[in-house]
Undergrad: 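Structure below; questions to follow.
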Amino acid sequence: AVPDLVEAAGDADILVFVIPHQFIGRVCDTIKGKIKADALGMSLIKGVDEGPGGLRLISDVIQEKLGITMSVLMGANIANEVADEKFCETTIGCKNKNHSSLLKELMQTENFRVTVVEESDVVEICGALKAAVIRLGLMEMIAFARIFCTQGPVSSATFLESCGVADLITTCYGGRNRKVAEAFAKTGK
């Protein structure tokens with residue numbers, strides 16, 4: 001592993017962003033102008049950026065700061081289960097069909113199923129809004145996406161992909177936030 005961010009990212013063809021969303025500005029500022037101009041970016045960051053102009057997708061923040069083409073990966077998976085090679089699935093949102101084939105080939109394994117859709121903004125919103133109540137949450141996710149994601153269609157089918165209802169269910173029943181809530185309910189701590 002290369003501990004220096006600029007050195008690690010400098011010659012990369014694809015940059016994968018997997019950090020807490022509150023650090024993305026600083027990371028982008030650190031590597032700005034020090035990466036390949038034609039590098040592709042893929043964000044696995046769940047959340048939205050809140051600023052004076054309102055809410056913005058994390059991938060949009062990265063694209064604006066670095067000037068690179070962005071895709072996103074969100075889905076019904078939990079990091080330790082992916083690392084343990086348990087069966088998991090995910091959705092890549094990528095507007096460029098050539099890039100989507102490459103990203104799917106790089107990410108998919110025997111135990112990690114990847115589906116690709118063009119609606120990257122909808123995929124990202126699904127990842128950001130998953131903590132809501134399942135049925136009402138899904139309805140709100142669809143309504144919010146139809147208002148927020150104006151660059152193209154918002155297909156109900158995308159919400160049936162791994163990034164939508166499956167991620168919502170996985171997080172509600174198996175994610176760390178649910179586990180912490182259960183431990184608190186049992187112990188009061």
Side-chain angles (χ1 to χ4, degrees), residues 13-21 24-25 28 38-51 53-79 82 87-109 112-172 174-175:
D13 294 316
I14 300 174
L15 299 168
V16 180
F17 296 86
V18 191
I19 59 172
H21 71 277
I24 197 60
C28 288
D38 62 345
L40 302 178
M42 184 163 60
S43 174
L44 282 64
I45 302 170
K46 296 182 179 183
V48 292
D49 181 63
E50 183 180 2
L55 298 177
R56 294 188 311 160
L57 297 172
I58 300 299
S59 63
D60 288 343
V61 172
I62 298 168
Q63 187 167 9
E64 289 168 17
K65 285 187 167 282
L66 299 179
I68 61 175
T69 301
M70 289 297 299
S71 298
V72 297
L73 182 149
M74 307 281 159
N77 53 71
I78 298 172
V82 174
F87 180 79
C88 299
E89 62 179 3
T90 199
T91 307
I92 292 177
C94 181
K95 296 184 186 305
N96 181 305
K97 289 190 185 294
N98 293 327
H99 296 165
S100 64
S101 298
L102 172 65
L103 295 173
K104 180 175 181 172
E105 184 178 335
L106 289 173
M107 300 304 289
Q108 184 161 278
T109 69
F112 193 62
R113 179 182 169 266
V114 175
T115 303
V116 181
V117 299
E118 289 184 38
E119 301 165 84
S120 59
D121 54 351
V122 179
V123 171
E124 191 167 0
I125 278 298
C126 285
L129 299 180
K130 66 180 183 190
V133 177
I134 293 176
R135 190 178 75 76
L136 294 175
L138 184 60
M139 291 169 49
E140 291 295 323
M141 287 167 63
I142 293 168
F144 185 85
R146 289 191 172 134
I147 294 168
F148 190 79
C149 303
T150 59
Q151 296 179 6
V154 175
S155 167
S156 297
T158 298
F159 291 89
L160 299 177
E161 293 292 343
S162 181
C163 64
V165 69
D167 190 16
L168 191 59
I169 293 167
T170 299
T171 301
C172 290

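We count residues from 1, following the sequence as given.
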Undergrad: Do Arg146 and Ser156 meet the criterion of a side-chain donor-acceptor pair at a distance under 3.5 Å?
TA: yes
Undergrad: Which atoms form the tightest heavy-atom contact between Gly41 and Phe17, and what is the distance?
TA: CA-CE1, 4.3 Å
Undergrad: About how many Å separate CE of Met74 and CD1 of Ile92, when rounded to the nearest 0.5 Å?
TA: 11.0 Å
Undergrad: Does the Ser59 side chain pair with the main chain of Met70, one donor and one acceptor, at a distance under 3.5 Å?
TA: no
Undergrad: Roughly how far, to the nearest 0.5 Å, is CG of Asp38 from OG1 of Thr69?
TA: 9.0 Å
Undergrad: Can you tell if the side chain of Val114 reaches within under 4.5 Å of the side chain of Val116, non-hydrogen atoms only?
TA: yes
Undergrad: Can you tell me how far the CD1 atom of Ile58 sits from the SG atom of Cys28, to the nearest 0.5 Å?
TA: 9.5 Å
Undergrad: Do you know which two heavy atoms are closest between Cys94 and Ser100, and how far apart they sit?
TA: SG-N, 3.5 Å
Undergrad: Looking at side-chain heavy atoms only, is the closest gap between Val154 and Thr158 below 4.5 Å?
TA: no
Undergrad: State which residues pass salt bridge (charged side-chain N to carboxylate O under 4.0 Å, His left out) with Lys65; sequence neighbours excluded, sorted by chain then number.
TA: Asp29
Undergrad: Might you work through the side-chain contact (heavy atoms from CB on, under 4.5 Å) test for Lys97 and Glu118, ending with a clear yes or no?
TA: CA-CA 8 Å; Lys97 289 190 185 294; Glu118 289 184 38; 2.7 Å; yes
Undergrad: Enter the distance from Glu105:CD to Gln108:CD here, rounded to the nearest 0.5 Å.
TA: 10.0 Å
Undergrad: Let me confirm one number: the CG-CE distance from Leu15 to Met42, rounded to the nearest 0.5 Å.
TA: 10.5 Å
Undergrad: Using a strict threshold of under 4.0 Å (side-chain N to carboxylate O), is an ion pair present between Lys46 and Glu124?
TA: no
Undergrad: Are the side chain of Ser120 and the backbone of Val72 linked by a donor-acceptor contact shorter than 3.5 Å?
TA: no
Undergrad: Below 4.5 Å, heavy atoms only, C-beta onward: do Val123 and Val117 meet side chain to side chain?
TA: yes
Undergrad: What closest approach, in Å, do Val122 and Pro153 show between heavy atoms, and which atom pair accounts for it?
TA: CG2-O, 4.5 Å
Undergrad: By side chain to side chain contact (heavy atoms under 4.5 Å, CB included), which residues pair with Ile19, not counting sequence neighbours?
TA: Phe23, Ile24, Val27, Ile45
Undergrad: Test your reading of the model: is there a side-chain donor-acceptor pair from Thr91 to the backbone of Thr115, 3.5 Å cut-off?
TA: no
Undergrad: Using a strict threshold of under 4.0 Å (side-chain N to carboxylate O), is an ion pair present between Lys95 and Glu119?
TA: no
Undergrad: Roughly how far, to the nearest 0.5 Å, is the CG atom of Asp60 from the CG atom of Leu55?
TA: 11.5 Å
Undergrad: Would a 4.5 Å heavy-atom cut-off, applied to side chains only, mark Ile125 and Cys149 as touching?
TA: yes
Undergrad: Would you call Leu103 and Ile14 a side-chain contact if the rule is heavy atoms closer than 4.5 Å?
TA: yes
Undergrad: Do Leu40 and Ile68 come close enough that some side-chain heavy atom pair is under 4.5 Å?
TA: no
Undergrad: Taking all atoms of both residues into account, what is the closest heavy-atom pair of Asp167 and Gly127, and its distance?
TA: OD2-CA, 4.1 Å
Undergrad: Could you please spell out the steps behind the salt bridge (Lys or Arg N to Asp or Glu O under 4.0 Å) verdict for Arg56 and Glu64?
TA: CA-CA 11 Å; Arg56 294 188 311 160; Glu64 289 168 17; 2.4 Å; yes
Undergrad: Could you tell me whether the side chain of Arg113 reaches within less than 4.5 Å of the side chain of Phe87, counting heavy atoms only?
TA: yes
Undergrad: Taking the side chain as C-beta and beyond, is there a heavy-atom pair between Phe112 and Asn77 under 4.5 Å?
TA: yes
